[in-house]
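Okay, so here's the structure we're looking at.
Everything quoted here is computed from the prediction, not taken from an experiment.
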Amino acid sequence: MRKNDPKIVVVGGVAGGASTAARARRLNEHSEVIIMERGPHVSFSNCCLPFHLSKMIPDSDNLVLMHPKEFADSYKIEARVNNEVLSIDRENKSVTVKNLESGESYVEEYDKLVLSPGAFAIMPQSIKGIDGENVFKLKNVVDVKAIQDFIDKHDVQEVAVVGGGYIGLEVVENLVEAGKTVHLVEKERQVLRTLDYDMVQGVHKELHDHGVKMHLGAAVTEIYEDKVVLDTGEDVPCQLVVMAIGVRPEVKLAEEAGLEIGETGGIKVNQHYQTSDPDIYAVGDAIEVHHRLTGKKTLLPLAGPAQRQARAAADHIFGKQHNNNGVIGSSSIHLFDLNIAATGLNAGDCERNGIDYDFVLVIPGDKVGLMPGVAPLFFKLIYEYPTGRLLGAQAYGHGEAEKRIDVIATLISMGGTLEDLKELELCYSPHYGTAKDVVNHAALVGLNLLYGQFRQVGIDQVRPLVEEDACIIDVREKHEWDRGHIKNAINIPMSEFRQRLDEIPKDRPVYLHCRSSQRSYNVIMALQGLGFDNLYNIAGSYLGLSVHEYFLDQTTDRECILTEYNFN
């Protein structure tokens, strides 16, 4: 190391810490770079951990991406595993480290310190039995090996997964694939809070169809060897419990060193990821970040942002500038036969932040209808009213939902609007989509709504309309109507409505639908041209309504408002 080359100590590995160290080495061959990792693995694929439970990844050792020797040989980085940083001495620019194998402690000096401690899994001590030997979290390779070893040793057949976020759902999927009976317990009334309630019902249906026993709106209060007890009074049989209710930033080290903690509970950093001490940086799950759409601070424990933060921090250490645009929150998950993705704000986020918005829900095919395997792609677009600025999107289906969400994420990052999305030129092949891609289609619908060409109601508003005996007109053809329809609705097919205008009232609101809202939109435009001004399109129509109502009908004693479901 040359005299003016900074010595860099990184606390924590994986996406944030290891990426910072590697970038620092690329920028300077002479600096001493040390990673302190308290666990046995400095670099592993935490996002792939659940897939070992189904043996999609057969050997847990495959989850380890790089060993200390590889860091030393390839990057000239010293990676010290099983070394825990206990404290930071900011005045003397040093850290006290404990070697967990020998039990000895030592002091390591630094010029620049990078904190990447991550986040810890929430394990509420208020739950009786939370420390039982059959209760696990899933944060690293050691955890997943422990879960699998327990399953094998005790021949576990029934599991309770607590928490319906991404990790929880991936654990659920892989345990089902491994042949286990799985109970999913979630204290909210839905899984995946990145999705709005009207969109998440498709995910609930997928879980239900694959035999997952869901306990929504319920929390675990007690854990025993053979069951968990819910606050609803229900006993859920299981021999193994996986806790996946969320994470909290690991800030103890920073807090004890007197570094500023932000309003969200994460380490406060500036645009260069410097903490309140300019010689100490922080990246990854432990920090709070700026949300570019709400303008507020938030937590975003995702690998992609952590890697970008790591690069920016290393760049700044060596005098390179970084344009910090904040985050929007883009994520995806594959769940059984569904691809699910979301970006930006959902409707609930907009309401909580006082943002005026409107939405589009379209359900086109994920490829040209003549192609084998075509399936519906559910796509919801959120935009700001009255500017048309794109705020977020959610999608799920058998097709490439994540591709469409990536398009929206890109436009959001560039300040894009419905007009920009309408004109966006994308790749097309009958195998992958339609000539008017779903995102272009959504933009056209959004512009029609924004400019007042027609009005709509969401599928979550249909049940109250049925209960109020509102006028609902189904414009599908009779053979479609016969296969299932909304109770109390009137069937006036698109091919007949011009001859049956006298059956459509003008003195009360009229709500029209078809299979996916396209034909009903065409009928509305024609009727408006004929003097009707009391018309509303049901966004999502019968297909969306079938998915929305199905799970709720199966799991509650409420009266079904459909004569049959139609999922195609």
Side-chain angles (χ1 to χ4, degrees), residues 12-16 37-42 44-54 57 60 63-64 81-82 84 100 116-154 156 158-176 178 180 182-188 191-193 215 219-225 227-230 236 238-252 265-266 284-286 299 301-303 306 333:
V14 200
E37 170 56 52
R38 65 184 169 193
H41 305 112
V42 68
F44 60 90
S45 179
N46 49 0
C47 296
C48 289
L49 292 172
F51 303 106
H52 174 57
L53 299 175
S54 64
I57 298 175
S60 62
L63 294 163
V64 181
V81 296
N82 298 311
E84 181 178 9
L100 300 179
S116 182
F120 62 87
I122 299 172
M123 303 287 282
Q125 293 303 304
S126 59
I127 299 176
K128 180 181 177 181
I130 191 69
D131 297 321
E133 66 170 10
N134 63 330
V135 182
F136 297 86
K137 63 184 188 310
L138 184 55
K139 285 289 295 175
N140 53 41
V141 179
V142 173
D143 291 338
V144 77
K145 289 177 73 172
I147 293 172
Q148 189 60 58
D149 288 345
F150 189 90
I151 289 173
D152 295 340
K153 180 180 178 180
H154 298 277
V156 170
E158 204 154 8
V159 182
V161 178
V162 185
Y166 286 110
I167 296 298
L169 291 189
E170 287 176 339
V171 171
V172 165
E173 177 190 27
N174 283 277
L175 288 173
V176 169
K180 310 304 177 186
V182 181
H183 297 266
L184 174 60
V185 182
E186 168 56 57
K187 72 174 182 178
E188 303 293 336
V191 301
L192 292 184
R193 279 173 281 178
H215 309 267
V220 172
T221 59
E222 301 175 53
I223 301 174
Y224 297 92
E225 290 182 357
K227 68 178 182 179
V228 297
V229 179
L230 308 184
V236 175
C238 61
Q239 300 88 51
L240 170 71
V241 179
V242 180
M243 297 297 297
I245 63 175
V247 297
R248 289 197 184 118
E250 178 61 81
V251 300
K252 181 181 178 183
D285 296 357
L299 301 172
L302 295 174
I333 182 174

- [ ] Could you tell me whether the side chain of V228 reaches within less than 4.5 Å of the side chain of C238, counting heavy atoms only?
- [x] yes
Open item on the list: Donor-acceptor check, side chain of K180 to backbone of V156, threshold 3.5 angstrom: yes or no?
Closed with: yes
Open item on the list: Just so I know, are the side chains of F136 and D143 near enough to count as touching, which here means a heavy-atom distance under 4.5 Å?
Closed with: no
TODO: Taking the side chain as every heavy atom from C-beta outward, state whether P249 and D285 have any pair of such atoms under 4.5 Å apart.
DONE: no
Open item on the list: With heavy-atom distances below 4.5 Å as the criterion, would you say the side chains of V185 and L230 are in contact?
Closed with: yes
Open item on the list: Quick check: closest heavy atoms across A306 and A15, and the distance to 0.1 Å?
Closed with: CB-CB, 4.2 Å
Open item on the list: Between S45 and L63 (side chain of the first, backbone of the second, donor and acceptor by atom type, cut-off under 3.5 Å), is there such a pair?
Closed with: no
Task: Shortest non-hydrogen separation from E37 to G13 and the atoms involved - done: OE1-N, 3.0 Å
TODO: Check whether any side-chain N or O of E186 sits under 3.5 Å from a backbone N or O of V191 as a donor-acceptor pair, and report yes or no.
DONE: no
Task: Sidechain-backbone polar pair: K137 side chain, F120 backbone, donor-acceptor under 3.5 Å - done: no
- [ ] Run the numbers on L240 and E158 for side chain to side chain contact (heavy atoms under 4.5 Å, CB included), then give the verdict.
- [x] CA-CA 7 Å; L240 170 71; E158 204 154 8; over 6 Å; no
Open item on the list: Looking at E222, I'd like to know if its CD atom is crowded, meaning that more than 12 non-hydrogen atoms belonging to other residues, nucleotides or ligands lie closer than 6.0 Å.
Closed with: yes
Open item on the list: Over 60° means perpendicular and under 30° means parallel, so tell me whether H41 and F44 are parallel, tilted or perpendicular.
Closed with: perpendicular
Task: Residues that H183 engages under ring-ring contact (aromatic ring centres under 6.0 Å, His included), provided they are two or more places apart - done: H215
Open item on the list: Can a donor-acceptor pair be found, under 3.5 Å and without considering hydrogens, that links the side chain of E84 to the backbone of N82?
Closed with: no
Open item on the list: Test side chain to side chain contact (heavy atoms under 4.5 Å, CB included) on V247 and L299; report intermediate values, then the result.
Closed with: CA-CA 10 Å; V247 297; L299 301 172; over 6 Å; no
Open item on the list: For E170 and N174, which I'm curious about, is there any donor-acceptor pair between the side chains at under 3.5 Å?
Closed with: no
- [ ] Could you check if a side-chain atom of V171 sits within less than 4.5 angstrom of a side-chain atom of I147, using non-hydrogen atoms only?
- [x] no
Task: Rounded distance [0.5 Å steps], CE in M243 versus CD1 in I245 - done: 4.5 Å
Task: Y224 six-ring centre to K227 NZ/CZ under 6.0 Å and within 45° of normal - done: yes
TODO: Any chance you could lay out the side chain to side chain contact (heavy atoms under 4.5 Å, CB included) test for Q125 and D131, step after step, and finish with the verdict?
DONE: CA-CA 8 Å; Q125 293 303 304; D131 297 321; 3.3 Å; yes
TODO: Report yes if the side chains of P50 and L138 come closer than 4.5 Å at any heavy-atom pair, otherwise no.
DONE: yes
Open item on the list: Can you confirm whether E188 sits close enough to R193 that some side-chain heavy atom of one is under 4.5 Å from a side-chain heavy atom of the other?
Closed with: yes
Side-chain donor-acceptor pairs under 3.5 Å in residues 159-169, sequence neighbours left out?
{"residue": "Y166", "atom": "OH", "partner": "T194", "partner atom": "OG1", "Å": "3.2"}
{"residue": "Y166", "atom": "OH", "partner": "S331", "partner atom": "OG", "Å": "2.6"}

Open item on the list: So, taking the atom named CG in L49 and the one named CD1 in I57, what distance separates them when rounded to the nearest 0.5 Å?
Closed with: 8.0 Å
Open item on the list: Strictly below 4.0 Å, N to O, side chains only: are R38 and E250 in salt-bridge contact?
Closed with: yes
